[in-house]
Amino acid sequence: MKSENSLIEEIVSLSKRKGFVFQSSEIYGGLNGFFDYGPLGVELRKNIKDAWWEDMVRRRDDVVGLDSSIIMNPKVWEASGHIDGFTDPMVDCKESKMRYRADQLFAAEILVDEESLGWVSVIESETMEADALKKAEMVKRKAAKQGELQKLSLTSYDELNPDQQEQVPSPATGKPGSLTPPREFNMMFETHVGALKDGSSKSFLRPETAQGIFANFKNIVDTGRVKLPFGIAQIGKAFRNEITPRNFIFRSREFEQMEIEYFIPPGEEEWKKFHQEWIGVRKAWFKGIGLTDDHLGEEVHPQEKLAHYAQACTDITFKFPFGEHELEGIAARGNFDLTQHQKYSGKSLEYFDEGSKQKFLPHVIEPSLGVDRTFLAVLCSAYSVDEIDGEKRTVLRFHPRVAPIKAGIFPLVKNKPALVERAKQLYSKLQRKWNVTYDQGGAIGRRYRRIDEAGVPFGITIDFDTVEGDGSITVRDRDTTEQVRMSEEELFAYMDSKIST
RNA sequence: GCGGGCGUAGCUCAGCUGGUAGAGCACCACCUUGCCAAGGUGGAUGUCGAGGGUUCGAAUCCCUUCGCCCGCUCCA
């Protein structure tokens, strides 16, 4: 465990040292749950997003793109259920300092022959009925009461009135009086549109990008020349006022999502087929950007834990140093969202199917992932420390496609003008095509190590054979540190083939 | 939100029975260097997280606050 903690610490420290991730507004002491991406970070992020957009939108005939606004008509969030459902009423026990979700804390009055002996409380579980009964019998025995214990009717804490809530004992201490009234936490950030700050101007920063897609469904069907099955893809920022942001950029309050709503015909057969298909597509994509098989996993949400609108949900997980967690959720959402928006907007969102001559609300498969989580997974996957001639080396083994800098160009030594000039020439040529870097400071070995730490896949060195011999340059491989000589034309083809797989 | 630990140079950290700051690495310049963190010379760098208090004097003691890590709690 200790080594795993220090691994994430090393990655956080490297992220800052090399300019991948900074704490937001750090000079003012930072702000919990917000992050800034530095020169290398912004490139890596962009490459991840570009790879996704390229593979999921441009190279597919059945997916189109969208960029919807962050602030939308607040009715969108009424329809989606976020205003009511994105709230978790919480109860604190002042004595034991434990916190419970009010809807998971159940209580019942203990009645013996119509006489109250107080209340029992239990935390929601499969055995809670039996647990409550046991506790109630204990109370009865202590009170030395004869008579028959009436059947307990367990009610969740948030449905009790304040007087009743006061009598509920804390599950931790067994005594009443230490529980607070339920307090609401809505995870949506509120803001106001326009100069007036009254109730009518209240609006929200979107907690997910998906609703922007659903809200635009009709626009795209009407204009996009799309036919079922088809997807609408979007990359964009979303905001959640998380109670406890944790684990570096894994759970932050401002994050970026890459989501597809893939619309399909209704029917059990249909969604099962497409759901499975998308799990395969998405897993392959992660491997394609360099996440290794041994880090990736799948987690099928059990039926009883699904959100009320979902038919199924499978997570693609990644083994982070702090545990295995969700990278992407692939949900079968039925037609819940379109149904809701049709109801709240009063506009028909039905799709007319040419083949069957039928009108219906399409169902949807939603592959949804976080850019920042993917970023962290790529970083964790790439991070390694190896040894070269007995010296420790930190190296980020990014897949060339996502690597922030593709190549470093070096004159072997800087005090020979011919080498320097030739290296700068090549640098400006490569610069037109890729993000590359030029470095002439220090010994060549030091410069190699510098680019290793930044995850640059290719080190290109101009030596005396380049300027006095056949003109060939040397290309060093970051992972093996082996070098091959090739001509300049070969270099372009070589890099191209490695980067654009 | 609660409990515990912590915040000193870009990074890792030392200094903390109060006397206004150091090391290693990194960085910049020049010299040197014919392939994997070589060497030399010189240089820049911190109102010691922030605010307040005690004191002649605070990085060091006290309070508040912000942030980070861990555990609870939460997590479309």
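Sequence lines set the chain letters: A, B, ... in the order given, protein chains first and strands last, and positions in each chain run from 1. Worth knowing before you read on, the calculation uses all heavy atoms, side chains too, and leaves out hydrogens, waters and symmetry mates.
Note on A/N415: every side-chain N or O is 4.0 Å or more away from OP1 and OP2 of B/rC31.
Within a heavy-atom distance below 4.0 Å of RNA chain B, the residues of residues 451-468 of chain A found are A/T461, A/D463, A/F464.
Rounded to the nearest Å, the gap between the C1' atom of B/rG24 and that of B/rC66 is 30 Å. Annotation: B/rG19 and B/rA59 have their C1' atoms spaced 12 Å apart (nearest Å). For the C1' atom pair drawn from B/rG34 and B/rG46, the interatomic distance equals 41 Å after rounding to whole Å. Rounded to the nearest Å, the gap between the C1' atom of B/rA26 and that of B/rU12 is 11 Å. Straight-line distance between the P atoms of B/rA21 and B/rC16: roughly 15 Å, to the nearest whole Å. Taking the C1' atom of each, B/rC30 and B/rC36 are spaced 24 Å apart, rounded to whole Å. Between B/rC48 and B/rC61, the two P atoms lie 15 Å apart (nearest whole Å). Straight-line distance between the P atoms of B/rC31 and B/rA14: roughly 39 Å, to the nearest whole Å.
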Every protein N/O within reach of nucleotides 43-50 of chain B N/O, cut-off under 3.5 Å:
none

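A/Q483 comes within 4.0 angstrom of a base, heavy atoms only. Counting any heavy atom pair closer than 4.0 Å across all strands shown, A/G33 reaches sugar-phosphate atoms only and no base atom. No engagement by A/F22 is indicated, since no non-hydrogen atom pair under 4.0 Å with the nucleic acid exists.
When rounded to the nearest whole Å, the span between CG of A/L419 and C1' of B/rC35 equals 12 Å. One atom, CD1 of A/I11, and another, P of B/rC11, lie 17 Å apart when rounded to the nearest Å. Taking atom CG on A/D386 and atom C1' on B/rA37, their separation rounds to 13 Å, with Å as the unit. Here the C1' atom of nucleotide B/rG67 and the CZ atom of A/R253 are 12 Å apart, to the nearest Å. For the pair A/Q440 CD and B/rA29 P, the computed distance is 9 Å after rounding to whole Å. Between the CZ atom of A/R449 and the C1' atom of B/rA37 there is a distance of 5 Å, given to the nearest Å. Between the CZ atom of A/F322 and the P atom of B/rC70 there is a distance of 9 Å, given to the nearest Å. As rounded to whole Å, 15 Å separates atom P of B/rG67 from atom CG of A/D36.
A search for side-chain contact (heavy atoms from CB on, under 4.5 Å) contacts involving A/E78 returns A/K75, A/I83, A/Y344, not counting sequence neighbours.
In A/E453, the CD atom is crowded: over 12 heavy atoms of neighbouring residues, nucleotides or ligands sit closer than 6.0 Å. The environment of A/K319 atom NZ is dense: over 12 non-hydrogen atoms of other residues, nucleotides or ligands sit within 6.0 angstrom.
Closest to the side chain of A/K414, from the set B/rC68, B/rC35, B/rU32, is B/rU32. Among the nucleotides B/rG67, B/rU33, B/rC36, the one closest to the side chain of A/V413 is B/rU33. Looking at the side chain of A/T474, the nearest of the listed nucleotides B/rC27, B/rC35, B/rA38 is B/rC35. Residue A/R446 has its side chain nearest to B/rA37 when only B/rA37, B/rC36, B/rC11 are considered. The side chain of A/T481 lies closest to B/rC36 when the candidates are B/rA38, B/rC36, B/rG34. Side chain of A/K16, nearest nucleotide from B/rC36, B/rU12, B/rG10: B/rG10.
For the pair A/R450 and A/D477, nearest-nucleotide mapping onto RNA chain B gives the more 5' position to A/R450. Annotation: of the two residues near RNA chain B, A/F250 and A/F34, the 5′-most nearest-nucleotide partner is A/F34.
No side-chain heavy atom of A/I232 sits less than 4.5 Å from a side-chain heavy atom of A/N216. Residues A/Q234 and A/E259 have side chains not in contact (no heavy-atom distance under 4.5 Å, counting atoms from C-beta outward). Within the 4.5 Å cutoff, side-chain heavy atoms of A/W77 are placed close to those of A/M72. Residues A/V364 and A/F214 form a side-chain contact, since some pair of their non-hydrogen atoms from C-beta on lies under 4.5 Å apart. Using a 4.5 Å cut-off on side-chain heavy atoms (C-beta onward), A/V456 and A/F398 make no contact.
Base pairing of B/rG7 is made with B/rC66, judged by Watson-Crick or G-U wobble geometry with both donor-acceptor distances under 3.5 Å. Under the Watson-Crick or G-U wobble criterion, with both distances below 3.5 Å, B/rU47 has no partner in any strand shown. If you check B/rC72 for Watson-Crick or wobble pairing at under 3.5 angstrom, you find it paired to B/rG1. When both distances must be under 3.5 Å, the Watson-Crick or G-U wobble mate of B/rC61 is B/rG53. Across all strands shown, nothing is found opposite B/rA37 as a Watson-Crick or G-U wobble partner with both distances under 3.5 Å. When both pairing distances are held under 3.5 Å, B/rA26 makes no Watson-Crick or G-U pair with any nucleotide shown.
Below the 3.5 angstrom threshold, one finds no donor paired with an acceptor across the side chain of A/R476 and the base of B/rC35.
Taking 4.0 Å as the cut-off between side-chain N and carboxylate O, A/D463 and A/R485 count as a salt-bridged pair. Salt bridge annotation for A/E298-A/R282: absent, with no cationic side-chain nitrogen under 4.0 angstrom from a carboxylate oxygen.
Remark: aromatic rings of A/F250 and A/F248 are distant, center separation not under 6.0 Å.
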- Task: Take A/I11 and A/F20, measure what side chain to side chain contact (heavy atoms under 4.5 Å, CB included) needs, and give me the verdict at the end.
- Result: CA-CA 10 Å; A/I11 290 169; A/F20 282 98; over 6 Å; no
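A/E328 places no side-chain N or O within donor-acceptor distance of the main-chain N or O of A/I316, the cut-off being under 3.5 Å.
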